[in-house]
Asker: 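A single structure is presented below for examination.
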Amino acid sequence: MIEQFEEAVEYLQNRGVKAPEIGVILGTGLGDKFVAAMEVELTISYEDIPHFPLVTVLSHDGKLIYGTVHGKKVVALDGRFHYYEGYSMQQITLPVRVLKMLGIKKLLLSNAAGNMNLSWKKGELMLIDDHINMQPDNPLRGQNFDELGPRFPDMSAPYDPSMNTILEEIAKENKITLRKGVYVSVIGPNLETRAEYRFLRNIGADVVGMSTVPEVIVANHMGLPCCAISVMTDDCDPDNLSPINIDEIIAIAGKAEEKLTELYTELIKRL
Ligand code: HPA
């Protein structure tokens with residue numbers, strides 16, 4: 001595995017990806033506006049990067065974009081991998097390992113999620129303060145890479161409190177509604193039943209999605225500070241549930257992207 005990370009890193013360095021400071025992972029329906037806010041130097045298709053999995057979901061692109069935001073060197077991953085696509089946990093988190101080995105100091109993630117908190121509504125953003133891992137596997141299962149991180153990583157504050165404070169300040173200054181809560185990660189790809197939404201709400205989650213947690217576990221394993229924002233794309237009230245419409249989810253994510261881009265570009269400026 002380590003050789004695979006190193007081969008991908010070497011390839012990207014040879015293509016000109018040098019000393020990035022910040023990594024950004026863009027979720028479902030998110031990406032175009034953030035990339036438009038970058039001064040792009042290089043766009044590299046995942047197909048060309050050794051050992052990178054290929055994106056199988058239509059709403060995701062599959063490219064690595066290297067450039068600057070407010071003068072800071074950024075690598076953005078436009079297109080992420082999910083366990084439901086059939087990849088192993090090690091494969092879906094390989095990009096995070098590679099970004100860390102390229103030198104990033106901070107990781108910013110985003111995703112689309114279902115909203116189970118009845119005092120919030122779809123279209124709003126939620127800063128992830130904590131998570132519950134309900135995925136059936138763990139990227140750290142198996143041999144530990146001691147050179148990358150400990151066997152039993154601490155998860156007492158998986159989302160960097162100082163970045164979260166800055167994001168909340170930016171939201172306030174710019175009058176962006178930014179909720180704060182708990183994300184639960186499930187395998188998918190089916191959406192939840194009413195009984196499952198009720199269960200997930202009762203165990204303490206505000207939003208539910210199919211990504212992010214594996215990447216955050218790996219980032220914490222390597223001591224890489226990260227933050228994550230969910231775009232709440234659908235309201236999941238078990239007592240009043242309408243059938244899900246994936247096109248609507250993608251459209252709502254697209255609409256919220258402007259605010260997400262504002263938060264993340266300003267955060268990058270202040271880091
Ligand atoms: N459930 C799981 N994942 C999701 C949802 C949902 O309701 N909405 C967007 N991603």
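Just so you know, ligand 1 is whichever comes first in the structure, and atom 1 is the first atom listed for that ligand. Since this is a predicted model, take the numbers as computed values, not measurements.
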Asker: Tyr87 vs Phe81 aromatic rings, parallel, tilted or perpendicular, using cut-offs 30° and 60°?
Answerer: perpendicular

Asker: Do any N/O atoms on Cys236 end up under 3.5 angstrom from N/O atoms on ligand 1?
Answerer: no

Asker: Considering non-hydrogen atoms of the protein only, which is the closest contact for atom 8 (N) of ligand 1, and what is the distance?
Answerer: Asp234 OD1, 2.7 Å

Asker: Any atoms of ligand 1 less than 4.0 Å from a non-hydrogen atom of Met210? List them with their elements.
Answerer: 2 (C), 3 (N)

Asker: Going by atom types only, do His221 and Arg97 share a side-chain donor-acceptor pair under 3.5 Å?
Answerer: yes

Asker: Side chains of Tyr83 and Asp137: donor-acceptor distance under 3.5 Å anywhere?
Answerer: yes

Asker: Would you mind running through ligand 1 and noting each atom that sits below 4.0 Å from a heavy atom of Leu191?
Answerer: 1 (N), 2 (C), 5 (C), 6 (C), 7 (O)

Asker: I need the nearest protein heavy-atom contact for atom 5 (C) of ligand 1: residue, atom name and distance, please.
Answerer: Gly114 N, 3.4 Å

Asker: What protein heavy atom sits nearest atom 10 (N) of ligand 1, and how far away is it?
Answerer: Ala112 O, 3.5 Å

Asker: Mark up the atoms of ligand 1 that fall under 4.0 Å of a heavy atom belonging to Tyr197, in ascending order.
Answerer: 1 (N), 6 (C), 7 (O)

Asker: Please answer: with hydrophobic residues joined when any side-chain heavy atoms are less than 4.5 Å apart, are Leu118 and Met232 in the same cluster?
Answerer: no

Asker: Enumerate the atoms of ligand 1 whose separation from the nearest heavy atom of Glu192 is less than 4.0 angstrom.
Answerer: 1 (N), 2 (C), 6 (C), 7 (O)

Asker: Give the atom numbers and elements of ligand 1 that come within less than 4.0 Å of a heavy atom of Thr233.
Answerer: 8 (N), 9 (C)

Asker: Test of understanding: given a 4.0 Å heavy-atom threshold, classify the contact between Val208 and ligand 1 as side chain, backbone, both, or neither.
Answerer: both

Asker: Please tell me if the side chains of Pro158 and Asn220 come closer than 4.5 Å, counting only heavy atoms from C-beta onward.
Answerer: yes

Asker: With a 3.5 Å cut-off and no angle check, do the side chains of Asn115 and Asn117 form a donor-acceptor pair?
Answerer: no

Asker: So that I can tick it off, tell me whether Arg194 and Asp239 are bridged by a salt bridge, with the cut-off set at under 4.0 angstrom between side-chain N and carboxylate O.
Answerer: no

